[in-house]
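A short worksheet on the structure shown next.
Residue numbers begin at 1 in each chain, while the letters A, B, ... track the order of the sequences. Atoms considered below: every heavy atom in the structure, side chains included; atoms not considered: hydrogens, waters and symmetry mates.
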Number of protein chains: 2
Amino acid sequence: MLDAAQPRVPLYARIEAMLRDGIAEGRHPVGGLLPTEAELCDQLQVSRHTVREALRRLVEAGLVERRQGAGTMVVARQPPRDFVQSFRDMRGLSQYAEDTRLQVNGQRMAALTPEEAALVPADPGARWLRLDGVRVAEDRVPIATALVLIHPRFAAIGAELPVRGAIHAEIERRFGVEVREVVQEICAAPLPVPVAEVLGRKPRSVGMRFVRRYLDAEEETMILSLSWHSAERYTYVMRLRRTEAP
Amino acid sequence: MLDAAQPRVPLYARIEAMLRDGIAEGRHPVGGLLPTEAELCDQLQVSRHTVREALRRLVEAGLVERRQGAGTMVVARQPPRDFVQSFRDMRGLSQYAEDTRLQVNGQRMAALTPEEAALVPADPGARWLRLDGVRVAEDRVPIATALVLIHPRFAAIGAELPVRGAIHAEIERRFGVEVREVVQEICAAPLPVPVAEVLGRKPRSVGMRFVRRYLDAEEETMILSLSWHSAERYTYVMRLRRTEAP
DNA sequence: CCCCCGGCGTTGTCCGGACATGCGGGCGGG
DNA sequence: CCCGCCCGCATGTCCGGACAACGCCGGGGG
C-alpha cells in the first residue's frame with residue numbers, strides 16, 4: 001500500500017498522506033482516535049520513529065492532537081486555512097511609512113478627562129502620563145494628530161523620550177512587562193476643530209479616528225493612543241494572507 | 001553542565017534552553033552556524049535523537065534554520081513576537097454578528113463603471129456578476145449597503161444563490177480555486193445619497209466605506225465587495241494577539 | 001453503591017546504528 | 001586563472017530497543 005509511491009517521497013510523508021486522506025474521507029472521524037503508534041508500526045511494517053514523524057506533522061497541520069496515555073485524537077477534517085494579518089510592531093498596524101515620525105510637542109502627568117477615562121477604561125481623574133503630538137511626513141507635512149496616554153506605573157518612561165523604536169517596545173524593555181494584546185477601534189466622524197486646524201483642513205470635514213489600546217496579561221490598558229486622520233488624505237489598508245495549504 | 005536541572009525537565013529541553021541562551025547572549029551570532037549535531041552529541045554525551053529534538057524546537061521557535069548539507073544557521077536572536085489577527089472566514093473580518101444576514105435584492109451581469117473598474121482593477125466595461133444588497137440585523141434594520149462584484153469566470157455561482165456560508169468559500173468549492181489573500185480598504189466619506197436613503201440617515205452624513213478584494217494566487221481579483229456603514233452607528237474593532245512567548 | 005488504587009495501554013523520552021541526500025569547497029584540468 | 005568535478009561533511013531518513021510518565025478503566029475495598 002505504501003510502496004506504490006515514488007522512492008523520492010519519504011516514508012513518513014506517505015504515511016502522513018494516508019492518514020490525512022483517512023481523516024478527510026471520514027474513515028477517521030473527528031473526535032475519534034487514530035490507530036496507535038504500535039498498530040501503525042505493525043500494519044505498515046515501519047519503525048516507530050517513522051510513524052511518529054508522520055503523526056508529528058499531522059499535529060503541526062492542526063489535524064490531530066496527542067496526549068500521553070490517551071492516544072491521538074482527530075480534531076479537524078480539513079486543516080484550518082485562516083486568513084491572517086501579522087505585524088512585528090505597531091508601525092505596520094498604523095501603516096506609517098518609514099519616513100514619518102511622531103513629533104511630541106509636550107508631555108505631562110494629567111488627570112484623564114471623562115471621555116478618555118471611558119476609552120481606557122480607568123477611573124476618571126486618574127493621573128496618566130500624557131503625550132501630545134503630531135505625526136509628520138519627512139517634509140514636515142502633518143499627517144495625523146496623536147495623543148498617547150501611558151499608565152502612571154510606566155510614567156518614568158517620560159524621562160527617556162524620545163525613544164528610538166516603538167514606545168510599547170521601550171516600555172516592555174524598561175519595565176520587564178509584556179503587551180499581550182492590542183485592540184484598535186476605527187471610526188469616522190467630523191474632525192474636531194483643533195485637529196482640523198493642525199492638519200490644515202476645514203473644520204468639521206470628515207476624519208477617521210483610531211484608538212489603540214495596549215493590554216497586558218490581565219487585560220488592563222497599559223497604553224492608549226488616539227489619533228485623527230483627515231479622511232480626504234487617508235485610507236486604511238489591511239492585507240490578510242491565507243495560511244499555506246497542507 | 002546539563003545535569004543541574006530537575007529530572008522533570010527533559011534532556012532535549014535543557015539542550016534547547018542552553019542553545020537558546022547561547023543565541024540570546026550572542027555566543028551564537030545571527031548569521032552564524034550552530035555546532036553540528038555530531039559535535040553536540042560529543043560534547044553533551046547524548047544521542048543524536050535528543051539533539052535533533054532540541055534543534056527541531058529551535059526551528060519551530062523561528063530561531064534557527066536548517067539545510068541539509070549546510071548546517072544549522074541562527075536567524076534571530078529573540079523569537080519573533082508578532083501581533084497577529086486571524087479569521088476563519090470573512091464574517092470575522094467584517095465583524096458581522098451571527099444574527100445579521102445579507103439580503104440580496106438583485107443580481108445581473110453588467111459592465112463595470114469606471115470607478116468600479118479602477119477599484120478591482122479591471123478593464124472598464126468588463127461584464128462582471130453584480131449583486132446588490134443590504135446587510136440587515138435580525139429585526140430587519142439595515143446595517144450597511146453591499147455591492148458584490150464577481151469575476152465573470154465565476155458567474156455561474158449566481159444560479160446557486162443564496163449560499164449558506166460565505167460566497168468566497170462557495171466559489172472555492174464550486175470552481176476548485178483558492179483565495180490566497182484578502183485586501184480590505186477602509187475610508188471615511190460622506191454617505192452617497194442612495195446609501196443614506198437605504199440606511200435611513202441624512203444625506204451626506206458621515207459614513208465608512210469598506211472595499212474588500214479577494215485575490216487568487218496571481219493577485220487577480222476574484223471578488224470585490226464594497227459596503228457602506230453609517231459612521232454614527234458603526235465602529236470597526238480589530239484585536240491583535242501576541243504570539244505566545246518562548 | 002461509591003471511591004480509590006493499581007494494572008495495562010499509549011505516548012514521551014532516550015539510547016544505539018546505518019545509509020541517503022544535498023551542499024560547499026578544494027583540487028585538478030583546461 | 002577559471003571552471004567543473006569530486007569528496008567530505010552535515011542534515012535527512014529509517015531501522016532497532018528500552019524505560020518513564022500519564023490516562024483510563026475496571027476491580028476490590030470501604
Side-chain angles (χ1 to χ4, degrees), chain A residues 1-20 22-23 28-75, chain B residues 1-20 22-23 28-75:
Chain A
M1 157 204 312
L2 287 173
D3 45 8
Q6 312 301 326
R8 318 304 305 271
V9 179
L11 195 47
Y12 64 78
R14 281 179 270 166
I15 297 172
E16 180 200 349
M18 183 197 72
L19 293 169
R20 205 186 270 273
I23 292 169
H28 302 302
V30 171
L33 293 179
L34 243 45
T36 67
E37 295 178 359
E39 285 169 0
L40 290 170
C41 292
D42 256 17
Q43 293 171 17
L44 306 176
Q45 287 299 301
V46 299
S47 85
R48 191 166 163 230
H49 288 302
T50 306
V51 167
R52 281 177 67 79
E53 179 64 29
L55 291 171
R56 188 192 339 268
R57 289 172 178 244
L58 292 179
V59 171
E60 188 90 13
L63 287 174
V64 304
E65 283 175 5
R66 320 192 70 200
R67 266 165 53 238
Q68 183 175 160
T72 302
M73 193 171 63
V74 179
V75 295
Chain B
M1 159 202 313
L2 288 172
D3 45 8
Q6 311 301 324
R8 318 305 304 273
V9 179
L11 194 47
Y12 63 77
R14 280 180 272 166
I15 297 172
E16 179 200 350
M18 182 197 72
L19 293 170
R20 205 186 270 272
I23 292 169
H28 301 301
V30 172
L33 293 178
L34 244 46
T36 67
E37 295 178 358
E39 285 169 1
L40 290 170
C41 292
D42 256 16
Q43 293 171 18
L44 306 175
Q45 287 299 302
V46 299
S47 83
R48 190 163 164 232
H49 288 304
T50 305
V51 167
R52 281 177 67 78
E53 179 65 29
L55 292 171
R56 191 196 329 274
R57 291 174 176 243
L58 293 179
V59 171
E60 188 90 13
L63 288 174
V64 304
E65 283 175 5
R66 320 192 70 203
R67 266 164 53 238
Q68 184 175 161
T72 302
M73 192 171 62
V74 179
V75 295

Item to check | Contacts of Ala13(B) that satisfy side chain to side chain contact (heavy atoms under 4.5 Å, CB included) - sequence neighbours left out | outcome: Val9(B), Pro10(B)
Item to check | side chain to side chain donor-acceptor pair (under 3.5 Å) partners of Thr36(A), counting only residues at least two apart | outcome: none
Checklist outcome for this item: For residues 36-56 of chain B, the ring pair (Phe, Tyr, Trp, His ring centres under 6.0 Å) pairs (sequence neighbours left out) are His49(A)-His49(B)
Item to check | For Arg57(B), all residues meeting side chain to side chain donor-acceptor pair (under 3.5 Å), sequence neighbours excluded | outcome: Tyr12(B), Glu53(B)
Next on the checklist: So if I define the base as every atom that isn't primed, P, OP1 or OP2, how would nucleotides 11-19 of chain C read as a B/S/- string at a heavy-atom cutoff under 4.0 Å?
Outcome noted: BBBBBB-B-
Next on the checklist: Rounded to whole Å, how long is the line connecting atom CG of Leu33(A) with atom P of dG23(D)?
Outcome noted: 15 Å
Item to check | Euclidean distance, atom CZ of residue Arg8(A) to atom C1' of dG12(D) [Å, nearest integer] | outcome: 13 Å
Checklist entry - Does any pair with a residue in residues 51-72 of chain A pass ring pair (Phe, Tyr, Trp, His ring centres under 6.0 Å), and if so which ones, sequence neighbours excluded? => result none
